[in-house]
Amino acid sequence: MALGLALAVQGYIHHLGGAPGDSLPADKAAGAVPTTLSHGGPVVDSRGGSVTTVSPPDRTIALTFDDGPDPVWTPRILDVLREHHVHATFFVVGSEAVDHPDLVRRIVAEGHEVGVHTLTHTDLGTAPDWRRELEVQGGQDAIVGVTGHAASLLRPPYTAGNSAITNGMWSALHGMADEGYLTVLSSLDSEDWQTPGTKAIEANLAPSGPQGQVVLMHDGGGDREQTVAALDSALSRFSAQGYKVTTVGDAVGVDSMRPASSIEQLRGSALVWGIRLSDFVVWAISLGLVAAGVVTFLRAVLVMFFAARHSRAARRLPGSGRGRRRVDVMVGPVVTEPATVIVPAYNESAGIEAAVLSILASTHPVEVIVVDDGSTDGTADIVEALDLPGVTVIRKENGGKPSALNAGIQAASHDLVVMVDGDTVFEPDTVRALIQPFADPRVGAISGNTKVANRGGILGAWQHIEYVVGFNLDRRLFDVAECMPTVPGAIGAFRIEALRNVGGVSDDTLAEDTDLTMALCRDGWRVVYQEDARAWTEAPATLGALWRQRYRWCYGTLQAMWKHRGAVVQGGAAGKLGRRGLGYLLVLQVLLPLFAPIVDVFALYGLIFLDPLRIGALWLVFLAVQLLMAAYAFRLDRERLGPLWTLPLQQFVYRQLMYLVVIQAVVTAVAGVNLRWHRMERYGSLRVPQTQGQG
């Protein structure tokens, strides 16, 4: 809300004002304008319902300037006035006064007077009542906030002589008179806003007789080189002809400025600092947008570069097809020793049968240990009723997933352990492919490739895209950079020795898989990614379920990052995790998502106040980068590109949801709230894969 308010102020102040100049309005209806006004003098007092107009005395020139202050032209005009020892009235635009307060203070300090020219140079004749009030009061507040004085003179933009006043403008002037303002029009228009040339401006400034005049000139709103030159010449001529050049207030005998009251000063200061704050916010966001754009581009380049490197390395390995070994680790013999597959289960009756049957269908020798963590839905009974050889069921009181995994580790018969969630099924070659990197004794853990099984519907397609991109780009980068932060609970393989060295699975965080992986990295073990080891998992089918899952993941990841923050200053494998892995997570998965909603709000600001075509073009570039990354990830994973048609829609719902999840998780973590574990809803949609390859 604060950001939206700041941007609204910025947009109103700098992008909703009128164009410079004083061209007459298109609607010239003037039937309601009093004759006293339309045929009277240029200084108008319509307070109390009556209309009185006056003109400066004969041979008196009230010199006025509109649309400033301007940092280039106002100082030069002030210099000319000082050389000729004359004073003038400056009708300042409030937003310009806030941007250049020193110029306004110089105007006052050198004896000139200041009048209100609205906040943003808006046509009061066509503006609704609320905006008229805002424009005039805002212009006054800006003057008070900068000078400490209130002005009683008002010149509405787009007004010239009395005869040009329309019904709409008269309505505005009459309303402002009740606020105590005297309206100052002009009787001699230099027309310098049209930049007709110095000679033409000088001709326009030549009085036709001894009558007093209110002269209209401009010190802002454009190039005023001609105005400066014509002013110098005109002042010399006025002096030679015996004209007195002065301010409007002095010419008609009124006090045009007074010290502001404390309430007026408070309100003026609030406006000035509010505008300055909005300016700072937009400036900071602009810098942030540049930084975010650079980070996004660098991330795209990095992940695609390292993913290509990872993929090329895999293709150069001996053998072909699934289960290929890696070249960036020591190549040893094919791993044939059996593995223990641990399935922690809590109320997994919907999918436990499919999970167990798929594991038993493995082409690699396995034993299966299902750890029932106090389920109340008969999960253990379902597994026992299958009466399958090689399957052990451990029943225990509910203690959480880490305790269930540790119980399975204690009961494991083999030195290689595969951990799989109860909502996940394997392909026949998954286990064999997964454990092959253990041929390198440095490898302590291996991440498999998790695939979304229930990818039907737009929410399923969005998650499918996220999984494919995350596993085939980010995890390849982490592998090559030796800083893998997470072996997912859905599919991961571990050495028993490595698990025992770090004390098993910790329950310190809600992301036990991330915590465990970081602990293994800090203990010196290599953690790698095996692209051909596929596991199929159920993804949330509703936005609410997705929110709860990602909230837990994000909060748990933050906990793990904080727990292992010491890795940043360590050397070796721990230092790689700390400086590379944690740094990547902090920037790309915490800071950038925290800033991303600001980008979205700023995009709306740009569509409303700036150039919609440019904003749209930038959005298309951003989308093109995402499409390129996603298409490359799909190609690496041999997936059909069809679901990518949903990627543009993902920008309007899914992306914002993920950003808000990060924001909520960060706020929760900073507040020190102990987040409880959210159990995933199961749908029973998993099936044992019948063939290898893509489903």
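Computed over heavy atoms, backbone and side chain alike; hydrogens, waters and symmetry mates excluded.
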What pair of heavy atoms forms the shortest contact from [X] to [Y], and how long is it?
X: D373; Y: Y346; answer: O-CD1, 3.1 Å
X: A345; Y: V370; answer: CB-CG1, 4.4 Å
X: A355; Y: G422; answer: CB-O, 4.0 Å
X: G274; Y: V9; answer: O-CG1, 4.5 Å
X: V528; Y: P437; answer: CG2-CB, 3.7 Å
X: F494; Y: V487; answer: CZ-CG1, 3.8 Å

Name all residues meeting the ring pair (Phe, Tyr, Trp, His ring centres under 6.0 Å) criterion together with [X]; count only those two or more places apart in sequence or in a different chain, and write none if there are none.
X: F602; result: Y605
X: W619; result: F652
X: W462; result: Y654
X: Y584; result: F478

Can [X] and [Y] be counted as an ion pair, charged N to O under 4.0 angstrom?
X: R455; Y: E639; answer: yes
X: R475; Y: E531; answer: no
X: D515; Y: K563; answer: yes
X: R580; Y: E482; answer: no

Considering the options [options], which one meets the side chain to side chain donor-acceptor pair (under 3.5 Å) requirement together with [X]?
X: S349; options: T376, D377, T379; value: D377
X: E466; options: R550, R655, Q650; value: R550
X: Q570; options: K576, R579, R522, H564; value: R522

Distance from [X] atom [atom1] to [Y] atom [atom2], nearest 0.5 Å?
X: H464; Y: L644; atom1: NE2; atom2: CG; answer: 8.0 Å
X: E348; Y: E538; atom1: CD; atom2: CD; answer: 9.0 Å
X: L582; Y: W562; atom1: CG; atom2: CH2; answer: 12.0 Å
X: R635; Y: R638; atom1: CZ; atom2: CZ; answer: 11.0 Å
X: L3; Y: S278; atom1: CG; atom2: OG; answer: 11.0 Å
X: I491; Y: S447; atom1: CD1; atom2: OG; answer: 7.5 Å

Just by distance, do the side chain of [X] and the backbone of [Y] share a donor-acceptor pair under 3.5 Å?
X: T363; Y: P428; result: yes
X: N406; Y: P402; result: yes
X: Q559; Y: A511; result: no
X: Q549; Y: P540; result: no
X: T486; Y: P488; result: no
X: T424; Y: V420; result: no
X: D523; Y: W525; result: no
X: S311; Y: A307; result: no

Close side-chain approach of [X] to [Y], heavy-atom, < 4.5 Å:
X: V666; Y: Y555; answer: no
X: I409; Y: V505; answer: yes
X: R640; Y: F634; answer: no
X: P612; Y: I615; answer: no
X: V527; Y: V443; answer: no
X: L657; Y: L546; answer: yes
X: V418; Y: I435; answer: yes
X: V587; Y: V295; answer: yes

Residues D440, R526; criterion salt bridge (charged side-chain N to carboxylate O under 4.0 Å, His left out); working and verdict: CA-CA 9 Å; D440 183 348; R526 279 276 280 123; 5.9 Å; no
Test of ring centre spacing under 6.0 Å for F426 and H364: no
Salt bridge (charged side-chain N to carboxylate O under 4.0 Å, His left out) evaluation trace for D429 with R534: CA-CA 8 Å; D429 284 341; R534 294 182 176 86; over 6 Å; no
Is it the case that the side chains of [Y] and [X] hold a donor-acceptor pair, with the cut-off being a distance below 3.5 Å and no angle test?
X: D532; Y: N449; result: no
X: D372; Y: S375; result: yes
X: Q626; Y: Q651; result: yes

Step-by-step side-chain contact (heavy atoms from CB on, under 4.5 Å) determination, F595 to L289: CA-CA 9 Å; F595 183 69; L289 285 173; 4.2 Å; yes
R476/F306 under side-chain contact (heavy atoms from CB on, under 4.5 Å): CA gap, chis, key distance, verdict: CA-CA 7 Å; R476 292 176 190 268; F306 282 109; 5.8 Å; no
Trace of the salt bridge (charged side-chain N to carboxylate O under 4.0 Å, His left out) decision for R309 with D479: CA-CA 11 Å; R309 178 178 169 184; D479 188 342; over 6 Å; no
Contacts of type side chain to side chain donor-acceptor pair (under 3.5 Å), residue D279, not counting sequence neighbours: Q10, H14
Side chain to side chain donor-acceptor pair (under 3.5 Å) partners of T296, counting only residues at least two apart: none
R565 atom CZ, over 12 foreign heavy atoms within 6.0 Å: yes
Test log, rule side-chain contact (heavy atoms from CB on, under 4.5 Å), inputs I352 and V343: CA-CA 9 Å; I352 193 65; V343 187; 3.9 Å; yes
Criterion salt bridge (charged side-chain N to carboxylate O under 4.0 Å, His left out) on K401 and D507, from CA distance to verdict: CA-CA 8 Å; K401 186 177 179 180; D507 61 358; over 6 Å; no
